[in-house]
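Notes to accompany the following structure.
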Amino acid sequence: MRDRFRFDWPRRRRAAGRAKAAMPVITLAIAALTSGCGKAGPPAAAASPPPVPPWRVSAAQMARLPMATTFRATPAAPRDPAPFAPETGIVLHPATTRVVYARPGGPPVAALPATELGSPTWVPVVQSQPGWDRVLLPSRPNRSTGWIYLGGGGLQTAYSTYQVEIDLAAYRLTVLDAGRSLGSWTVAEGVAGSPTPAGRTFLLASLAPPHPTYSPLILPLGVHSRTLTTYGGGPGTVGVHGWPDPAVFGHAVSHGCVRVPGAALRALSRVPLGSPVMITS
């Protein structure tokens with residue numbers, strides 16, 4: 001089973017205390033209502049079926065699987081069936097490398113490492129069924145997904161209340177926390193020959209260059225340029241970062257990355273890894 005971080009434990013504990021205090025009253029009421037009643041109650045609900053077990057993957061087989069990182073391709077990974085649907089807000093972190101499957105009970109297609117670009121790996125959950133979560137992957141091709149088996153421990157989940165919305169047609173980026181806007185800014189995006197790719201993705205990592213030139217913080221996303229296989233020595237990962245010249249905002253001038261003003265970058269720096277990013281055109 002996975003470990004889950006919950007952010008409402010204090011409220012839930014208080015509610016549980018109230019429930020315990022009310023239990024004797026509830027018990028007496030039930031006894032009064034049921035005394036002298038000769039009919040049996042409704043049958044208990046049938047237990048849920050057990051989770052579909054995963055394929056067994058040996059250490060040798062694991063070593064041959066492509067790593068689901070921004071530097072690699074996972075060609076056998078299934079594509080996102082709903083690339084513009086809202087994300088759940090649930091994010092998942094593997095404490096160790098985990099096998100990624102094509103479907104629950106299906107063949108392995110990749111391995112998801114515990115870290116990405118020096119940051120802990122947090123990927124968004126977009127679909128669930130008993131014992132399994134479907135997550136977005138940061139590898140090529142864009143919109144790659146895969147299923148993680150939740151048994152065996154070593155997984156942590158959390159819920160992110162943050163969401164980043166990027167409207168390419170309006171050159172606008174908005175940061176939301178629990179549906180409340182923390183700010184909206186005019187930004188720059190990719191040129192027509194190297195456009196910023198649309199669809200749902202996520203905040204993959206947070207990089208602070210030791211000697212920054214154009215931005216003190218670079219935020220890679222789980223998506224790549226559709227036209228560039230490499231850029232600046234990297235794999236063509238699309239990211240969000242600052243830019244010193246405000247004249248670029250409101251224009252398509254980049255190789256696919258989203259350039260933002262300083263205030264937007266400061267707001268984005270507080271968004272947890274794995275949080276959903278929706279890019280629309």
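Both backbone and side-chain heavy atoms feed into the values below; hydrogens, waters and symmetry mates do not.
For residues 199-222, the salt bridge (Lys or Arg N to Asp or Glu O under 4.0 Å) pairs, not counting sequence neighbours, are D80-R200. Residues in residues 234-244 take part in these side chain to side chain donor-acceptor pair (under 3.5 Å) pairs, two or more places apart or across chains: T70-T237. The side chain to side chain donor-acceptor pair (under 3.5 Å) analysis of residues 249-272, with sequence neighbours excluded, yields the pairs Y231-H255. Sorted by first and then second residue, the salt bridge (Lys or Arg N to Asp or Glu O under 4.0 Å) pairs involving residues 227-246 (not counting sequence neighbours) form an empty list. Listed by first and then second residue, the side chain to side chain donor-acceptor pair (under 3.5 Å) pairs involving residues 96-121 amount to none (not counting sequence neighbours). Among residue pairs with one or both ends in residues 86-95, none qualify as side chain to side chain donor-acceptor pair (under 3.5 Å); sequence neighbours excluded.
Here the closest non-hydrogen pair linking A73 and P66 is O-CB, 3.6 Å. When every heavy atom of R72 is checked against every heavy atom of S139, the shortest pair comes out as O-CB, 3.3 Å. A102 approaches W147 most closely through the heavy-atom pair O-CD1, 3.4 Å. Residues G256 and T196 share a closest heavy-atom pair of O-OG1, 2.8 Å. Across every non-hydrogen atom of G146 and V100, the tightest pair is CA-CG1, 3.4 Å. Here the shortest heavy-atom pairing between P113 and M67 reads CB-CE, 3.5 Å.
Taking the salt bridge (Lys or Arg N to Asp or Glu O under 4.0 Å) definition, one finds that D167 meets it with nothing, sequence neighbours left out. For R134, there are no salt bridge (Lys or Arg N to Asp or Glu O under 4.0 Å) partners at least two apart in sequence or on another chain. Under the rule for a side chain to side chain contact (heavy atoms under 4.5 Å, CB included), the partners of P246 that lie at least two apart in sequence or sit in another chain are F249. Every residue two or more places apart in sequence or in another chain was checked for a ring pair (Phe, Tyr, Trp, His ring centres under 6.0 Å) with Y162, and none qualifies.
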What's the verdict on side-chain contact (heavy atoms from CB on, under 4.5 Å) for L182 and L176, showing C-alpha distance, side-chain angles and the deciding distance? CA-CA 6 Å; L182 300 183; L176 301 149; over 6 Å; no

Going through the checks in order, is the side-chain contact (heavy atoms from CB on, under 4.5 Å) test met by L155 and L92? CA-CA 7 Å; L155 292 172; L92 180 149; 3.8 Å; yes

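In this structure, P141 and R79 have side chains that are in contact, with non-hydrogen atoms separated by less than 4.5 Å. A heavy-atom distance below 4.5 Å is not found between the side chains of V125 and V91.
Under the 4.5 Å side-chain heavy-atom criterion for Ile, Leu, Val, Met, Phe, Trp and Tyr, I90 and F202 are members of the same hydrophobic cluster. Two different hydrophobic clusters hold V240 and M278 under the rule that ILVMFWY side chains link at heavy-atom gaps under 4.5 Å. Under the 4.5 Å side-chain heavy-atom criterion for Ile, Leu, Val, Met, Phe, Trp and Tyr, V187 and V191 are members of distinct hydrophobic clusters.
Atom CG of L268 and atom CG of L217 lie 8.5 Å apart (nearest 0.5 Å). Interatomic distance, CZ of F84 versus OG of S281, reported as 5.5 Å (0.5 Å rounding). Annotation: the span from R172 atom CZ to T280 atom OG1 amounts to 12.5 Å, rounded to 0.5 Å. Atom-to-atom distance recorded for L203:CG and S160:OG is 9.0 Å, nearest 0.5 angstrom. For the atom pair S206 OG and L273 CG, the distance stands at 6.5 Å (nearest 0.5 Å). L221 contributes atom CG, which lies 5.5 Å from atom OG1 of T201 (distance to the nearest 0.5 angstrom).
Judged by distance alone, the side chain of S275 and the main-chain N or O of P272 form a donor-acceptor pair under 3.5 Å. Of the possible donor and acceptor atoms, one in the side chain of N142 sits under 3.5 Å from a partner among the backbone N and O of H224. T174 places no side-chain N or O within donor-acceptor distance of the main-chain N or O of S184, the cut-off being under 3.5 Å.
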Anything under 3.5 Å between a donor and an acceptor, one on a side chain of residues 50-58, the other on a protein residue two or more places apart or in another chain? List them.
unit_1, atom_1, unit_2, atom_2, d
W55, NE1, G105, O, 2.8
S58, OG, Q61, N, 3.1
S58, OG, Q61, OE1, 3.4

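Members clustered with Y171: none, using a 4.5 Å side-chain heavy-atom cutoff among hydrophobic residues.
Of the listed residues (P78, P83, P81), just one forms a side-chain contact (heavy atoms from CB on, under 4.5 Å) with R143, and that residue is P83.
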